[in-house]
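Structure first, commentary second.
In the text below, chain A, chain B and the rest are named by the order of the sequence lines, each starting its count at 1.
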Amino acid sequence: MELFNTLGGKVENLEPVGAPELRMYCCGPTVYDYGHIGNFRTFLHVDVLRRFLRQQGMAVKFVMNVTDVDDKIIRNAAAAGKPIAEYTEKYEHAFFEDSDSLGILRPEIVAHATSCIPDMVSLIQKLAEQDIAYQTEDSSWYFRIARFPEYGKLSRKDFDGIEDGARVDVDEYEKDAARDFALWKACKPGEQSWTTELGCGRPGWHIECSAMATKFLGESLDLHCGGEDLMFPHHENEIAQSESASGQPFARHWMHVRFLLVEGRKMSKSEGNFYTLRDLLLKGYRASAIRFLLISVPYRHQMNFTFESLLESTNAIDRLRTFHQRMLKGGFPEGTDETLAAATAKAEESYTASLANDLNTAEARAAIFDLVRAANSAADAGMLRAGNVQEILRVLDLFDGVFAVLKDNDAEITRAALAWAEKEGRSSEAAPELVTKFAFSDDEIEKLVAERTSAKKARNFARADAIRNDLMTKGILIEDSKDGVRWRRK
RNA sequence: GCACCGAUGGCGAAGUGGCUAACGCGCUGGUCUGCAAAACCAGUAUUCGUGGGUUCAAUUCCCACUCGGUGCUCCA
């Protein structure tokens, strides 16, 4: 497949080199709070890539780190009066719970910063031997950027222009050069620290990824991913550290997912447009719709997240699911309609080609909707045959292997979110209509639906419609068809 | 300030130097239905931010401007 490579700024073929599997690393979350939709847009697109590569028959070994010690964690844990391990455990658990809700597959390996300290220490020692790492008076260790002439090759920055610019950390006066970055931060009283050959302290942020990626994937990776903001300085620093230590290219391919806007503005707490996944679930939006929306705009484009588009995604998924059910129900005559068979083959081809072309999810999506229309249309015209259905379901499975929205476990996820809100004392944040919608059990709904069906049989339409309207106000939709009644939560 | 990215219908959003500018949602009308829902059909941008240029031909390439976003600092 072809994927844009930030290093070099071109679309390039992505394939494993020197190993049977593609070695892929993604900078994961810093677990100091619940994940927001911006975080998840990145992880979702990385998931889409991984699923597609696998589907294309490529073996992938995917490693993601969890940053479980850093300034924010130390600050927040102290404020909460908890040891950092206990504090981070909660948010890491929540992160993976949210990832599951969004259909993000778990990495092959999850690497924790706090369990890889010795690897970081030996990496820094390697740099120290070459005098690339140096110690300041306070016993912290820094990376000497002057010793890595290629610094800036990823983000293609002109450092000559910036070097003497206004923004220099005033409190880092001990460094030899303003841009030198911390590898190891000397311990401070009351802060979590490790006593190592480098002295007492804790790792800098950048060294984590270099050490862990190398530990689990070797000195040269096939692909390194992350949000666009990480390109500089984080990834640039990773390259500098890793390549200085190993003398080899750190990662051949770099993928960066662009930020999203919320209602046309940068998402931020001060703008009041900052949303975690849980916020949205409690507002009554479905996990599947959030996934679908977040991956529908190709990863290299800035996307504008709005509540209107979230509703649109919900409706689009309903269309797909309704169609899927229609195909599964079957009952079509034997044989194959050639026109539809051709349309199906074309949809499959277009779907694959779109994703293979730098992960154009918008086009891949369009290919599937083309198929839905063609098949629905053929079915209505009495042209759909069992042989077509078989192929259509296969293509639909292919699509869903990457998009993962056909299986409906939204109610389950929403219930879990409600339970969480209850437990955390945040139930007031849950939308009232959500509470009424889920107050009804499936059994109760079935009972009312049965009652309506018998009222209908007795041609008591007034009673039947009253039941239907009542359920409608509670968010439950009833559909009659030739072969029975179907209901679903809207 | 310097650098980079974007601007396509009511909304979201693909795409291309030249065939009717995808797809989804919405809306309007029709078919179906006891009525709905689902589904289908038809309609919904003579036009791709503004102004100039290159070209036989530009939404697509170039320049300027306007607006939005991003990076230069922790951030997915």
Side-chain angles (χ1 to χ4, degrees), chain A residues 9 26-30 32-33 35-46 70-72 75 152 155-159 161-163 165-169 179 205 225-234 256-261 264-268 292-294 296-323 325-326 350 354 357 360-381 456 459-462 464-465 468-469 472 477-482 485-488 490:
Chain A
C26 178
C27 292
T30 299
Y32 67 98
D33 204 349
H36 57 71
I37 53 177
N39 293 315
F40 286 115
R41 166 149 139 111
T42 296
F43 299 125
L44 240 6
H45 276 285
V46 171
D70 93 318
D71 295 351
K72 264 180 287 208
R75 185 194 66 206
S155 49
R156 286 190 293 280
K157 285 186 182 304
D158 173 15
F159 288 105
I162 304 170
E163 199 76 57
R167 282 161 158 165
V168 174
D169 293 350
R179 302 210 75 86
W205 175 41
C225 320
E228 64 168 328
D229 56 309
L230 297 185
M231 200 163 93
F232 183 87
H234 184 54
H256 292 99
V257 180
R258 286 205 71 180
F259 270 2
L260 57 70
L261 305 180
R265 309 229 44 99
K266 183 180 178 170
M267 179 168 74
S268 76
F292 200 48
L293 175 61
L294 257 21
S296 286
V297 178
Y299 77 96
R300 278 213 289 147
H301 293 233
Q302 186 172 61
M303 85 158 286
N304 185 15
F305 179 97
T306 66
F307 287 100
E308 198 186 338
S309 56
L310 196 45
L311 242 25
E312 286 165 15
S313 273
T314 307
N315 293 340
I317 290 176
D318 275 343
R319 177 168 164 85
L320 293 172
R321 286 180 181 169
T322 303
F323 173 72
Q325 290 305 119
R326 188 179 194 183
S350 165
S354 299
N357 177 22
N360 191 335
T361 45
E363 257 190 356
R365 218 186 88 137
I368 295 308
F369 279 105
D370 280 337
L371 175 62
V372 170
R373 188 173 3 82
N376 266 328
S377 178
D380 283 4
K456 260 183 59 175
R459 301 198 67 77
N460 182 357
F461 293 122
D465 289 352
R468 186 173 63 193
N469 291 338
M472 185 96 83
L477 191 74
I478 294 185
E479 294 174 5
D480 297 330
S481 75
K482 283 158 198 71
V485 186
R486 209 162 73 91
W487 67 267
R488 58 196 166 99
K490 189 69 184 159

C1' gap between B:A57 and B:U16, integer Å: 14 Å
5'-to-3' dot-bracket of RNA chain B (Watson-Crick, G-U; under 3.5 angstrom; crossing pairs as [ ]; | other strand): (((((((..(((.....[....)))((((((.......))))))....(((((..]....))))))))))))....
Sequence-distant partners of A:Tyr299, ring pair (Phe, Tyr, Trp, His ring centres under 6.0 Å), two or more places apart: none
Ring pair (Phe, Tyr, Trp, His ring centres under 6.0 Å) partners for A:His45, two or more places apart: none
Shortest non-hydrogen contact from A:Leu294 toward A:Ile37: CD2-O, 4.0 Å
Sugar-phosphate only, base, or nothing, as touched by A:Gly38 at under 4.0 Å among non-hydrogen atoms: base
Residues in side-chain contact (heavy atoms from CB on, under 4.5 Å) contact with A:Arg488, at least two apart in sequence or another chain: A:Asp318, A:Leu477, A:Glu479, A:Arg486, A:Lys490
Summary of salt bridge (charged side-chain N to carboxylate O under 4.0 Å, His left out) pairs that have at least one residue in residues 363-380 of chain A, sequence neighbours excluded: A:Arg326-A:Asp380, A:Asp370-A:Arg373
Contacts of A:Asn357 that satisfy side-chain contact (heavy atoms from CB on, under 4.5 Å) - sequence neighbours left out: none
Nucleic acid footprint by protein, nucleotides 30-43 of chain B - heavy-atom cut-off 4.0 Å, B for base, S for sugar-phosphate alone: ----BBBBSBSS--
Selected nucleotide, minimal atom distance to A:Asp370 side chain, candidates B:C23, B:A76, B:C74: B:C23
For A:Arg321, all residues meeting salt bridge (Lys or Arg N to Asp or Glu O under 4.0 Å), sequence neighbours excluded: A:Asp408, A:Asp410
Closest to side chain of A:Glu228, choosing from B:C5, B:U73, B:U70: B:U70
Spacing of the C1' atoms in B:G6 and B:U50 (rounded, Å): 16 Å
Touch class at under 4.0 angstrom, heavy-atom based, for A:Asp71 against every strand present: nothing
Rounded C1' spacing from B:U59 to B:G17 in Å: 10 Å
Whole-angstrom distance between B:C32 and B:G18, as gauged at atom P: 43 Å
Rounded distance in Å between the C1' positions of B:G10 and B:C5: 26 Å
Euclidean distance, atom CG of residue A:Leu261 to atom C1' of B:A7 [Å, nearest integer]: 13 Å
Rounded distance in Å - CG (A:Leu311) to P (B:G26): 9 Å
Atom-pair distance (CZ on A:Arg156; P on B:C72), nearest Å: 16 Å
Which nucleotide in B:C23, B:G71, B:A76 has an atom nearest any side-chain atom of A:Thr42: B:A76
Close side-chain approach of A:Lys456 to A:Asp480, heavy-atom, < 4.5 Å: yes
Value in whole Å for how far the C1' atom of B:C75 lies from OH of A:Tyr32: 7 Å
Side-chain touch A:Lys72/A:Thr30, heavy atoms, less than 4.5 angstrom: no
Distance (rounded to the nearest 0.5 Å) between A:His36 NE2 and A:Met267 CE: 4.5 Å
A:Ala366: partners by side-chain contact (heavy atoms from CB on, under 4.5 Å), with sequence neighbours left out: none
Length of the line joining A:Phe292:CZ and B:C25:C1', which is rounded to integer Å: 11 Å
Interatomic distance where NE2 belongs to A:His256 and C1' belongs to B:U70 [whole Å]: 14 Å
Phosphate contact (B:G26 OP1 or OP2) by A:Asn315 side-chain N/O below 4.0 Å: yes
Closest-nucleotide 5' rank along RNA chain B - winner of A:Ser313 and A:Asn39: A:Ser313
Closest to the A:Leu230 side chain, choosing from B:C23, B:A76, B:C74: B:A76
Whether A:Phe259 stacks on the six-membered ring of B:A76 base, 5.5 Å and 30° limits: yes
For atom CZ of A:Arg75 and atom P of B:C75, their distance in whole Å: 12 Å
Between B:C41 and B:G24 - P atom distance, rounded Å: 10 Å
side-chain N/O A:Arg258 vs B:C4 OP1/OP2, d < 4.0 Å: no
side-chain contact (heavy atoms from CB on, under 4.5 Å) partners for A:Ala375, two or more places apart: A:Phe323, A:Leu340, A:Ile392
Residue A:Asn360, side-chain atoms from C-beta onward, closest of B:A76, B:C72, B:G15: B:G15
Can you give me the N/O atom pairs linking the protein to nucleotides 8-13 of chain B at distances under 3.5 Å, or say none if there are none?
residue	atom	partner	partner atom	Å
B:C11	O2	A:Glu312	OE2	3.3

Mind listing the side-chain donor-acceptor pairs of residues 225-234 of chain A below 3.5 Å, one per line with the distance, residues two or more places apart or on another chain?
residue	atom	partner	partner atom	Å
A:Glu228	OE2	A:Phe259	N	2.9
A:His234	ND1	A:His206	ND1	2.9
A:His234	NE2	A:Glu238	OE2	2.9

Separation between the C1' atoms of B:U60 and B:U8, rounded to whole Å: 11 Å
Within-4.5 Å side-chain heavy-atom neighbours: A:Val297 and A:Asn304: no
C1'-based separation of B:C62 from B:C27 [nearest Å]: 40 Å
